Amino acid sequence: MSARETNSQAILEVLVAAVRSMRPELTGPISGEEHIAAELGLDSIDRVELLLALEEAFGMEDEVDPRIFMTPPTLNGLVEQICVSQVASR
């Protein structure tokens with residue numbers, strides 16, 4: 001499935017699963033509104049891991065600009081940026 005065929009819920013689910021694998025101590029629900037650094041404890045290297053998780057899950061290598069993973073403060077913001085970049089690449 002390419003990035004253009006993914007939906008925001010599917011992207012969020014992959015990101016949440018990746019966060020859980022990186023931070024198993026986060027046992028409560030993750031809504032996507034949590035601050036990536038302050039609340040989830042992810043740094044810039046972890047953000048690259050999120051990109052790799054999406055590439056693996058959806059076979060979308062080189063379809064998403066890795067720079068968009070560095071700025072959104074929340075997972076939902078990141079999902080929105082990914083969806084915007086998908087629309088722009090059509």
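A quick note: this is a predicted structure, and the numbers were derived from the prediction, not measured.
The side-chain contact (heavy atoms from CB on, under 4.5 Å) with Ile11 is formed by just one residue from the set Leu75, Leu78, Ile82; it is Ile82.
When all heavy atoms are compared, the tightest approach of Leu12 to Gly32 is CD1-CA, 4.2 Å. Leu26 approaches Val19 most closely through the heavy-atom pair CD1-CG1, 3.8 Å. Smallest separation of non-hydrogen atoms from Gln81 and Pro72: CG-CG, 3.7 Å. Leu51 approaches Pro66 most closely through the heavy-atom pair CD2-CB, 3.5 Å. Minimum heavy-atom separation, Gly41 to Arg23: O-NH2, 2.7 Å.
Residues forming a side-chain contact (heavy atoms from CB on, under 4.5 Å) with Met22 (at least two apart in sequence, or on another chain): Ala18, Leu42, Asp46, Glu49, Leu50. Glu39 is linked by a side-chain contact (heavy atoms from CB on, under 4.5 Å) to Glu34, His35, counting only residues two or more places apart in sequence or in another chain.
Rounding to the nearest 0.5 angstrom, the gap separating the CE atom in Met70 from the OG atom in Ser44 is 6.0 Å.
The shortest side-chain heavy-atom distance between Ile36 and Phe69 does not fall under the 4.5 Å cut-off.
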